[in-house]
Asks: 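First the structure, which I've put down as structure tokens, then a few questions once you've had a look.
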Amino acid sequence: MSTNSTAPAPVNADRRTAIAVTCAVGGAGAVAAAIPFVASLTPSERAKAAGAPIQVDLGGIAPGEMRTFEWRGKPVWVLRRTPEMIEATKKMTDRLIDPESKRTAYPTPEYARNELRSIKPEYLIAVGICTHLGCSPVGPLAPGSNLTLGGESGFFCPCHGSAFDLAGRVFKNMPAPDNLEVPPHKYLSETVVVVGDDSKA
């Protein structure tokens, strides 16, 4: 009894090449189409930068001078306090709501829970937004220029009259309920500080 079996016809070499090229082009097209979709799921560089830590060079800040930097869309003050400013700040304790920064509405990092609210006494690093309704205080004001500060230097919020000392601590009987926020930060060297990251190296 005979069995009819038909062997597959051999594939022409040119046809095999054409099929391979077609598959390769199709695969490349699928990958190219997928890239924008996958990329849309990851944060943009701008979004990453908005929340990323920033490096601040302290070298160009003169004693008594304050500079403002942006971190997460917030103004961050870096004030280089003079010895006179430091001594004046140490005398403010009895006039402040929370001189030891114990309140938790705007938690102060452990390393800044001291009378100068800083790692290095010379530098105040604070978010320049009033804890009352989010206005921007002005300062540091010269001694005697603002009656609310009782003749001392400090920061004053013109929106509703809150006053803060040169450590960002709010005075008693003010609308602001808390001290200015101290952002997480760490020093990389004597003149470079990272704001937005206080993790251990």
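The chain is numbered in sequence order, starting from 1.
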Asks: With a 4.5 Å cut-off on side-chain heavy-atom distances among I, L, V, M, F, W and Y, is there a chain of contacts connecting M174 to L133?
Replies: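 Result: no, two separate clusters.
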
Asks: Would a line drawn from the ring center of F155 to the ring center of W77 be shorter than 6.0 Å?
Replies: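 When the ring centroids of F155 and W77 are compared, they turn out to be within the sub-6.0 Å range.
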
Asks: Kindly indicate, with the supporting measurements, whether the criterion side-chain contact (heavy atoms from CB on, under 4.5 Å) is fulfilled by V78 and F69.
Replies: CA-CA 8 Å; V78 179; F69 302 87; 3.9 Å; yes

Asks: Consider only side-chain N and O atoms of N179 and Y106, and report whether a donor and an acceptor are under 3.5 Å apart.
Replies: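 Note: N179 and Y106 side chains miss the donor-acceptor criterion.
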
Asks: Between I125 and I61, is there a shared hydrophobic cluster once you connect ILVMFWY residues whose side-chain heavy atoms come closer than 4.5 Å?
Replies: yes

Asks: Find the distance between CZ (F156) and CG (L141) and round it off to the nearest 0.5 Å.
Replies: 8.5 Å

Asks: Does any part of the side chain of P140, heavy atoms only, come nearer than 4.5 Å to the side chain of M66, both counted from C-beta?
Replies: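 Yes; the side chains approach each other to less than 4.5 Å.
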
Asks: For D197, look at atom CG and say whether over 12 heavy atoms of other residues, nucleotides or ligands are found less than 6.0 Å away.
Replies: yes

Asks: If you measure from the Lys or Arg side-chain nitrogens to the Asp or Glu carboxylate oxygens, is any gap between R67 and E65 under 4.0 Å?
Replies: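 Here R67 pairs with E65 in a salt bridge, since their nearest N and O are under 4.0 Å apart.
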
Asks: Whether E190 and K120 form a salt bridge (side-chain N of Lys/Arg under 4.0 Å from carboxylate O of Asp/Glu) is what I want to check.
Replies: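 Salt bridge between K120 and E190, a charged N being under 4.0 Å from a carboxylate O: yes.
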
Asks: Are the side chain of R117 and the backbone of A167 linked by a donor-acceptor contact shorter than 3.5 Å?
Replies: yes

Asks: Checking T89 side chain against M85 main chain: does a donor-acceptor pair fall under 3.5 Å?
Replies: yes

Asks: Looking only at side chains, do T108 and R103 share a donor and an acceptor under 3.5 Å apart?
Replies: no

Asks: What heavy-atom pair brings S118 and P121 nearest, and what distance separates the two atoms?
Replies: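 Minimum heavy-atom contact is OG-CA, 3.7 Å.
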
Asks: For the hydrophobic clusters of this structure (ILVMFWY residues joined by side-chain heavy atoms under 4.5 Å, transitively), does one cluster hold both V182 and V195?
Replies: no

Asks: Please check: side-chain N/O of Y111 versus main-chain N/O of H185, any donor-acceptor pairing under 3.5 Å?
Replies: yes

Asks: Would a 4.5 Å heavy-atom cut-off, applied to side chains only, mark F171 and I97 as touching?
Replies: no

Asks: Report the distance from atom OH of Y123 to atom CG of L79, rounding to the nearest 0.5 Å.
Replies: 10.0 Å

Asks: Looking only at non-hydrogen atoms, find the nearest pair between C157 and C135 and report the distance.
Replies: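 Of all heavy-atom pairs spanning C157 and C135, the closest is SG-CB, 3.5 Å.
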
Asks: Under 4.0 Å between a side-chain nitrogen and a carboxylate oxygen: does that hold for D98 and R169?
Replies: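 Here D98 does not pair with R169 in a salt bridge, since their nearest N and O are not under 4.0 Å apart.
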
Asks: Decide whether I54 and I119 are clustered together by the hydrophobic rule: side chain heavy atoms of Ile, Leu, Val, Met, Phe, Trp, Tyr closer than 4.5 Å, transitively.
Replies: yes

Asks: Taking atom CD of E181 and atom CD1 of I129, what is their separation to the nearest 0.5 Å?
Replies: 7.5 Å

Asks: Using 0.5 Å steps for rounding, measure from the CD atom of E122 to the CZ atom of R81.
Replies: 9.5 Å

Asks: Under the 3.5 angstrom rule, does the side chain of K186 hit a backbone N or O of S199 as a donor-acceptor pair?
Replies: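 Side chain of K186 to backbone of S199, a donor-acceptor pair under 3.5 Å: yes, one is there.
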
Asks: Between the side chain of R72 and the main-chain N/O of G196, is any donor-acceptor distance below 3.5 Å?
Replies: no

Asks: Search all heavy atoms of I86 against all heavy atoms of L116 and return the closest pair with its distance.
Replies: CG2-CD1, 3.8 Å

Asks: In Å, rounded to the nearest 0.5 Å, how long is the span from CG of N114 to NZ of K90?
Replies: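 Nearest 0.5 Å value for the CG-NZ distance: 10.0 Å.
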
Asks: Drop me the distance from M92's CE to E152's CD, to the nearest 0.5 angstrom.
Replies: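 Here the rounded value is 4.0 Å.
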
Asks: Please report the shortest heavy-atom distance between P183 and V76, naming the atom on each side.
Replies: CG-CG1, 4.4 Å

Asks: Answer yes or no: is there a side-chain heavy-atom contact under 4.5 Å between V192 and V56?
Replies: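 No, side chains not in contact.
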
Asks: State, to 0.1 Å, how close W71 and A52 come at their nearest heavy-atom pair, and which atoms those are.
Replies: CD1-O, 3.4 Å

Asks: For residues L58 and Y187, report the shortest heavy-atom separation together with the two atoms involved.
Replies: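 Scanning both residues, the minimum pair turns out to be CD1-CE2, 3.5 Å.
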
Asks: Tell me if a side-chain donor or acceptor on H132 pairs with a main-chain N or O of C130 at a distance below 3.5 Å.
Replies: no

Asks: Would you confirm whether T131, through its side chain, and D178, through its main-chain N or O, come within 3.5 Å as a donor-acceptor pair?
Replies: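 Confirmed, T131 side chain pairs with D178 backbone.
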
